[in-house]
Each structure stands twice: as C-alpha cells, then as structure tokens.
Amino acid sequence: MPELPEVETVARGLDKRVAGDVIESVWLGEKPEPLKSSATEIAAVLERARIAKVRRVGKHIVFDLERAPRNGRGKAQPHGQWIVHLGMTGRMQVTQPDDELLKHTHAVLKLKSGRELRFVDPRRFGRLAVVRLDAKAAAGFAAPGDEPLGSEAHRFVELFRKRKTPIKSALLNQKLLSGVGNIYADEALFRAGIRPRRSAASLTREQLRKLHGALIAVLKEAIALGGSSVSDYVDADGKEGFFQLQHRVYGREGEPCLVCQTPIKRVIIAGRSSHYCPHCQR
DNA sequence: AATGAAACCTGACAGC
DNA sequence: TGCTGTCAGGTTTCAT
C-alpha cells in the first residue's frame, strides 16, 4: 500500500497521538509472517517502554523507545526501537479497547492512556521487528539507501548514472533510494519527461537532475495532501489521502495525457505496472 | 554483479 | 449466485 508520502503521513499522525504514552502490554497474533523478530523479543523490547518519538525512515515507521533506569530514578534512557513496515495493506490504528477488532489484526499494544495501538494487515506483506539499543549506543535502524527528500542533486546523479537497468527499476531499488514506490516513480518520470524503460545509464546528467527535482516535488506535494488513497490506504486517524486526485499517469491507462491528450500507456517493468505518456516521455 | 520471474498473501472487481 | 481470471501502494528469493 504505502510509499514514502503515505508512511510519512502515518508516522506523523502516530507521533502526534501516541508520543509520550507508555506500552503496558503486547499481544501478537498466531500468524508468523509479519514477525521478523521473535514474538518474545518484540514483547521484551516493547513492554513498559515509553514512546519517545514516531518517525519515518524509508518506507519504515520507527518508534523510538525509552525506559526509566533500573533504580527508577533519573532520566529515561534509549532502550530500543520498534520497526514497522506496512507492506501493501498494513494499517496502524489508535483505538479504544472496545472498538471492533478488525479481521487480520496481528498486533495489539495496550497503552497507559487506556488506548490501544493496533497493526492490521490482510495480505501479511508487512513486517514487525525490534532493535535493542544498549548503553553502548548502537546506531539503531537505518534504511539501506539514501533518503530521497534529503538527497542532493549531485549525489542523485552519481547514484544512477552508471546503472544499465531501466530507470524505473532503479528508482524502485531501495538500496539506492529508500522510500520511492510504484506510484511516485511513474509520476516523477512523467514530470521529468523520461520513459520508464530508458536505461539509467543512457540519461544525461541534466535529465537525471531534472528527475531528481521532479521526484522531490512530487513527494512533497503528496505529503502535503496526506498521500494517495488508491484502494484501502488510510492514515493513523483513519483518514484518506487526496494525492490520487493529482496523479497524472498512474492508474490512467487509456485516458488522455493532461498535457497533449495522447492516451496514457501501461507496460510491465520489473513486474510492476508502469504508466507513461508516449508523446511527452522519451 | 545484475536482471527478471516467481513467490509470498488476501481481497476486490470484471466478465461470464 | 458463483466461478475464473486479473490486479493491487512491496520485498525477497531463486534461476539465468
């Protein structure tokens, strides 16, 4: 389901609602797929931890956790992190205990405030993991690739300019950039006037710089509108995003290009639907 | 090393 | 009503 703008929206919503709250207990479902760390390990890191901050790293939601020192006095110490990947259909809910438990709920955290934090994921492509942070201050969770919003044009150009793979595939490669997914790859390529099947190495530095600018612009616009809700995506408050109304190519196969009226084409690249205007993108 | 296809899951929707 | 096929915002694994 979610790419960078959707995960950013969810993480901001969660931070606003549960930062400062304390996790009292953890229930994890029977299905093993979503758990990347063992259930025991997840419960051990989460229980009795205070949620200091919720933020996005790539397409992951990171909960920074603290605990009071053993003697109960002094400042709370960094304790660990809860890492949530929403996969295609994952959702985070902040609920009251008696709110209806949705089918495919795989985790329920009881909070000191009396509310619950729930993870729901029908397709089970989502993943839950924890990282322990000991006193030696381990670095904590890091995305495999560059953060798209913070990347500089020069670095972006160098990252892509020698890859022979289609530029669309390269944009989806999380080891290069972490956070770009299918919708925003297509939308950025349209804005930059580049066909998705062009090999990255065939693009000029100028074209790559333009793509870099287009990508950052489209991601920022999408965040401002709360992300795209194309099927079932909702944020932590259960609200839909509105950026799908701004899509220029994604999901518009056969419809006229908003610039030149040429019908939008759909092809498969790297196993993913890819949409482009055959006239505007070369 | 790098590319592509298949696999992992469920649900929604179109067509018959 | 119900069956079949297709598609979905992602990632990992296996074969070439």
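Each chain gets a letter, A, B and so on, in the order its sequence line appears, and its residues count up from 1.
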Without decimals, in angstroms, what is the distance between A:His104 NE2 and B:dC9 C1'? 9 Å
Decide whether A:Ser202 and A:Arg198 meet the rule of one side-chain donor and one side-chain acceptor closer than 3.5 Å. yes
Under 4.0 Å between any heavy atoms, over every strand shown, what does A:Gly181 touch: base, sugar-phosphate, or nothing? Just pick one. sugar-phosphate
Between B:dT3 (C1') and A:Ile269 (CD1): distance, integer Å: 13 Å
If you draw a 6.0 Å radius around CD in A:Gln261, do more than 12 non-hydrogen atoms from other residues or ligands fall strictly inside? yes
Rounded to the nearest angstrom, tell me the gap between atom CZ in A:Arg272 and atom C1' in B:dG4. 14 Å
The nucleotide from B:dT3, C:dT11, C:dA8 with an atom nearest the side chain of A:Lys164 is B:dT3
Apply salt bridge (charged side-chain N to carboxylate O under 4.0 Å, His left out) to the pair A:Arg155 and A:Glu158, showing each step before the final yes or no. CA-CA 5 Å; A:Arg155 164 87 178 145; A:Glu158 290 311 310; over 6 Å; no
Can a side chain N or O of A:His85 be found less than 4.0 Å away from OP1 or OP2 on C:dT11? yes
Are A:Phe125 and B:dC8 stacked, counting the six-membered base ring, centres under 5.5 Å, planes under 30°? yes
Can you confirm whether more than 12 heavy atoms, excluding those of A:Lys59, are under 6.0 Å from its NZ atom? yes
Would you kindly give the CZ-to-C1' distance between A:Phe160 and B:dA2, to the nearest whole Å? 16 Å
Closest nucleotide among C:dA8, B:dG4, B:dG11 to the A:Ser273 side chain: C:dA8
Nearest-Å distance for atom pair CD1/C1', residues A:Ile83 and C:dT11: 16 Å
Would you mind classifying the nucleic acid contact of A:Lys103 as base, sugar-phosphate or nothing, using non-hydrogen atoms under 4.0 angstrom? sugar-phosphate
